[in-house]
Amino acid sequence: MQNLTSNKNVLKWIDEVVSMTKPAEVMWIDGSEEQLNMLREEACKTGELKALNQEKYPGCYYHRSRKDDVARMEDKTYICSKNKENAGPTNNWKDPEEAYKLGREIFKNSMSGRIMYIIPYSMGPIGSPFSKIGFEVTDSIYVVLNMNIMTRIGRKVLDVLGDSNDFVRGVHGKCTLDIDKRYIFHFPEDNTIWSCNSAYGGNVLLGKKCFALRIASYQGWKQGWMAEHMLILGIENPAGEVKYVAAAFPSACGKTNLAMLIPPEIYSKKGYKVWTVGDDIAWLRIKEDGRLWAINPEAGFFGVAPGTNLKSNYNAMMSTKKNAIFTNVAYNLDDDTVWWEKHDDNAPENALDWQGNPWSGRTSKEKGAHPNSRFTAPAKNCPCISKEWESPEGVPISAIIFGGRRAKTAPLVYQSRNWQHGVFVGSILASETTAAAAGKVGVVRRDPMAMLPFCGYNMGDYFAHWLEMGEKMSNPPAIFHVNWFRTNEEGEFLWPGYGENFRVLEWIIKRCENKVAADKAPIGFIPKAEDINTEELDVSEEVLRELLTIDGDSWIKDVTSIEEFYKKIGDTLPKELKNELNVLKQNLNDLLNTSIA
Ligand code: GTP
Ligand code: SPV
Ligand code: MN
């Protein structure tokens, strides 16, 4: 096939990859529907994809990955910087020479008999000054079709790139899918990503976590901007004014849901609306007005399926009704549709589970869908997509929100005292682990800014970069922390969550506009109970007070775990954060003394 570009930097690199992997054929992905349709057909022939019921799900396909390849693998993910210190204490590190050598051995002839697809893609709207270009070379049609949804691909990207050498070089190969030889190598200093022996999500859609977070966070550090694991949403008030917030929650902790929430009726009746700009990643820059502006570098959603239904997330459901791909959910044999836990109350009787075994929603004890099963859906399908979502300039951010799954310690919401304290609040973010990554589920771990698995450099330097960004802004966003997951003694959620989270967003926006007072607490500002609107909400005043309580004892325990975490960060931990920790300790001591007295 003819080259799609005459860019010598690209062609030289492609030659290297070809001579390493020795594909039978090379195919440039031009982004045309004609070519994509050909690939869809081919994938259906080999069984890599299955076409769903085209009346109910036009343009939609089903895919199953291997049983041991269903989530990001953090222990297989490496930052390969020249100096180990630059990867820092929270990342796996491998010497780049060693990683390239190992990678070359694994990739050697790995595409023989296969077709190598070359995907030119743009993260961010094509041509936006915020956007960046990457290439993913892959031997997986599934990857091509997912990248087509998640990013902007094809010929138009090459037109923007021209002869430039500024692009990220991504190589993905399924190889033999051998878990023992699975690696996701990042070379931030070379703009390079190599991923082998996986065919799943964040391990292989190299534009997403690998580029848009790990490589981009490194680029942002060097170039004075930020790449964050954040959703972006706009809140429109009845006067038609829109305020934007960005929120960082760890994987499977509610970003997609918050990004697309539908306000409770008491608000929608008055004219409040929520608009989605992005659901997973934000690239943030300071503009001349001294504010922080964000774009969503992605073009689609790779969302958690289980728990998603018309009630919990109507907008996500609607986004998946056409041109979507479903991975590792259950397959209804009666009408060629998909199902997952909590999809609806009518679990199919005659189905296949996520591993392809016969499965019945009535009698099977196992789950039909894998807990980390996902949909890939074009953002433009989303009924509440913001009209600014492809704005080349991005949107101005009024508030940053951190959050996680904490059964006890963290209150429903609190506000930091200022940017520096807000960076501290982000740095101590902790959450119970989820099925989004392989490993134990439900264990509390510190996940600073929800970036623990995604920061492409030393976490201490990353904190310092956050502090520095704050100094450069004359009008920085206010920083908050939320927790939708606090439980009672029985382990039930105290807060109804989902659309009702709008009530907390309302308080946050009011705080940004100086329209509501708050109580000073040891950890920051907390709402007065009467300022969280519980009109038409089944939450008693007692429960609301519990949600807003700061339990001194569990915070003291938390401080011990923060100290351990900070010790692990070591010398690069900014002194400002150490000071903030001391302030927190002092405040908690004061609280405990007064409450004892
Ligand atoms: P990633 O795509 O992995 O980054 O996840 P995410 O942060 O976008 O999480 P998502 O919105 O997909 O939600 C993950 C799980 O949390 C789903 O099972 C949701 O149903 C559940 N969830 C989301 N929001 C809430 C909430 O407000 N309350 C409760 N109890 N559960 C929620
Ligand atoms: C996450 O795990 O945060 C995801 C899914 O958004 S993945 O693309 O697999 O990283
Ligand atoms: Mn995510």
Side-chain angles (χ1 to χ4, degrees), residues 65 69-74 77 143 146-147 149-151 184 195 198-214 228-233 247-261 276 278-282 296 298 300-309 311-313 315-317 319 327-328 340-343 369-377 401-407 412-413 431-439 441 447 450-454 482-487 491-505:
S65 64
D69 193 22
V70 292
R72 278 185 297 102
M73 298 203 75
E74 294 179 4
T77 302
V143 167
N146 273 276
M147 286 293 284
I149 299 174
M150 295 306 297
T151 74
I184 302 104
S195 165
S198 172
Y200 184 79
N203 299 331
V204 302
L205 306 178
L206 301 185
K208 195 172 176 60
K209 295 310 184 2
C210 300
F211 177 0
L213 287 180
R214 297 195 190 95
E228 298 295 332
H229 193 196
M230 289 177 177
L231 68 93
I232 309 162
L233 64 79
F249 308 157
S251 302
C253 289
K255 286 181 302 300
T256 300
N257 276 273
L258 189 68
M260 298 175 193
L261 78 69
T276 308
D279 84 322
D280 198 49
I281 298 177
N296 168 14
E298 302 190 280
F301 312 125
F302 186 59
V304 177
T308 309
N309 56 54
K311 210 164 156 266
S312 67
N313 196 345
N315 291 310
M317 288 298 275
S319 308
T327 303
N328 296 337
W340 50 75
E341 276 57 38
K342 299 207 181 132
H343 181 282
H370 186 274
N372 190 42
S373 55
R374 301 230 168 204
F375 53 79
T376 321
I401 307 174
F402 295 113
R405 288 177 187 262
R406 294 305 297 273
L412 179 62
V413 57
S431 191
E432 292 149 21
T433 50
T434 65
V441 167
D447 188 349
M451 283 288 278
L452 182 72
F454 307 120
V482 299
N483 177 22
W484 316 137
F485 299 94
R486 201 143 153 169
T487 53
E492 297 154 345
F493 293 123
L494 287 169
W495 179 250
Y498 300 99
E500 306 299 348
N501 294 334
F502 190 83
R503 298 165 191 271
V504 174
L505 291 180

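Order of appearance sets the numbers: ligands from 1, and atoms from 1 within every ligand. These numbers were taken from a predicted model, which means no experiment stands behind them.
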> Report, in ascending order of atom number, the atoms of ligand 1 lying under 4.0 Å from any heavy atom of His229.
4 (O)

> At what distance is the nearest protein heavy atom to atom 1 (P) of ligand 1, and which residue and atom is it?
Ala252 N, 3.3 Å

> What protein heavy atom sits nearest atom 29 (C) of ligand 1, and how far off is it?
Phe485 CE2, 3.5 Å

> For Arg72 and Ser251, test the side chains for any donor-to-acceptor distance below 3.5 angstrom and give the result as yes or no.
yes

> Residue-level breakdown please: for Ala259 versus ligand 1, do any non-hydrogen atoms fall below 4.0 Å on the side chain, on the backbone, on both, or on neither?
neither

> Any idea which atoms of ligand 1 are less than 4.0 Å away from a heavy-atom of Pro250?
7 (O)

> Who's the nearest protein heavy-atom neighbour of atom 11 (O) of ligand 1, and how far?
Asn257 ND2, 2.8 Å

> Taking the N/O/S atoms of Asp280 one by one, which is nearest to the Mn ion (ligand 3)?
OD1

> How far is atom 18 (O) of ligand 1 from its nearest protein heavy atom, and which residue and atom is that?
Pro306 O, 3.3 Å

> Nearest non-hydrogen contact with atom 3 (O) of ligand 1 belongs to which option: Lys255, Arg374, Glu500, Arg486?
Arg374

> What residue and atom, counting heavy atoms only, is the protein's closest point to atom 16 (O) of ligand 1, and at what distance?
Arg405 NH2, 3.1 Å

> What's the shortest distance from atom 9 (O) of ligand 1 to any protein heavy atom, and which residue and atom give it?
Gly254 N, 2.9 Å

> Is the side chain of Trp340 donor-acceptor paired with the backbone N or O of Ala305 at a distance under 3.5 Å, no angle test?
yes

> Counting from 1, what ligand 1 atoms have a heavy atom of Asp280 closer than 4.0 Å?
4 (O)

> Under a 3.5 Å cutoff, is there a donor and acceptor pairing between the side chains of Asn313 and Thr308?
no

> Go through Trp484 and Phe493 one step at a time and tell me if the side-chain contact (heavy atoms from CB on, under 4.5 Å) criterion holds.
CA-CA 8 Å; Trp484 316 137; Phe493 293 123; over 6 Å; no

> Does Ser312 reach ligand 1, in the sense of a heavy atom lying below 4.0 Å from it?
no

> Looking only at atom types and distance, does a side-chain atom of Lys255 sit under 3.5 Å from a main-chain N or O of Phe249, one as donor and one as acceptor?
yes

> Would Lys209 count as a cation-pi partner of Phe454, with NZ or CZ less than 6.0 Å from the six-membered ring centre and within 45° of the ring normal?
yes

> At a 4.0 Å threshold, what atoms of ligand 1 neighbour a non-hydrogen atom of Asn501?
27 (O)

> In sequence, state the C-alpha distance, the side-chain angles, and the governing distance for Leu261 and Asn501, and then conclude on side-chain contact (heavy atoms from CB on, under 4.5 Å).
CA-CA 8 Å; Leu261 78 69; Asn501 294 334; 4.1 Å; yes

> Do any nitrogen or oxygen atoms of ligand 2 lie under 3.5 Å from a protein nitrogen or oxygen, and which ones?
{"unit_1": "ligand 2", "atom_1": "2 (O)", "unit_2": "Arg72", "atom_2": "NE", "d": "2.9"}
{"unit_1": "ligand 2", "atom_1": "2 (O)", "unit_2": "Arg72", "atom_2": "NH2", "d": "3.1"}
{"unit_1": "ligand 2", "atom_1": "2 (O)", "unit_2": "Ser251", "atom_2": "OG", "d": "3.0"}
{"unit_1": "ligand 2", "atom_1": "3 (O)", "unit_2": "Lys209", "atom_2": "NZ", "d": "2.6"}
{"unit_1": "ligand 2", "atom_1": "3 (O)", "unit_2": "His229", "atom_2": "NE2", "d": "3.3"}
{"unit_1": "ligand 2", "atom_1": "3 (O)", "unit_2": "Ser251", "atom_2": "OG", "d": "2.5"}
{"unit_1": "ligand 2", "atom_1": "6 (O)", "unit_2": "Lys209", "atom_2": "NZ", "d": "2.6"}
{"unit_1": "ligand 2", "atom_1": "6 (O)", "unit_2": "Asp280", "atom_2": "OD2", "d": "3.4"}
{"unit_1": "ligand 2", "atom_1": "8 (O)", "unit_2": "Gly202", "atom_2": "N", "d": "3.4"}
{"unit_1": "ligand 2", "atom_1": "9 (O)", "unit_2": "Gly202", "atom_2": "N", "d": "2.9"}
{"unit_1": "ligand 2", "atom_1": "10 (O)", "unit_2": "Arg72", "atom_2": "NE", "d": "3.1"}
{"unit_1": "ligand 2", "atom_1": "10 (O)", "unit_2": "Lys209", "atom_2": "NZ", "d": "3.2"}

> State whether the side chain of Asn483 and the backbone N or O of Arg406 hold a donor-acceptor pair below 3.5 Å, judged by distance alone.
yes

> Indicate yes or no for a side-chain donor-acceptor contact from Arg405 to the backbone of Pro250 under 3.5 Å, with no hydrogens or angles considered.
no

> Side chain, backbone, both or neither: which part of Ser251 has a heavy atom under 4.0 Å from ligand 1?
both

> Assess Lys209: does it contribute an N, O or S atom lying under 2.8 Å from the Mn ion (ligand 3)?
yes

> Can an N or O of Thr256 be found at a distance shorter than 3.5 Å from an N or O of ligand 1?
yes

> Looking at Ser431, is its backbone amide N or carbonyl O close enough to the side chain of Asp447 to form a donor-acceptor pair, meaning the two atoms are under 3.5 Å apart?
no

> When you look at Ile401 and Val413, which way does the side-chain contact (heavy atoms from CB on, under 4.5 Å) test go after all the steps?
CA-CA 9 Å; Ile401 307 174; Val413 57; over 6 Å; no

> Judged by atom type as modelled, is there a donor-acceptor pair below 3.5 Å linking the side chain of Asn296 to the main-chain atoms of Ile232?
no

> Has Asp279 got a side-chain atom pairing as donor or acceptor with Ala259's backbone, closer than 3.5 angstrom?
no

> Tell me which one of Asn203, Asn328, Val204 satisfies side chain to side chain contact (heavy atoms under 4.5 Å, CB included) with Ser65.
Asn328

> Would you indicate whether the side-chain heavy atoms of Glu228 and Ile281 approach each other to under 4.5 Å?
no

> Starting from atom 26 (C) of ligand 1, find the nearest protein heavy-atom neighbour and note its residue, name and distance.
Tyr498 N, 3.6 Å

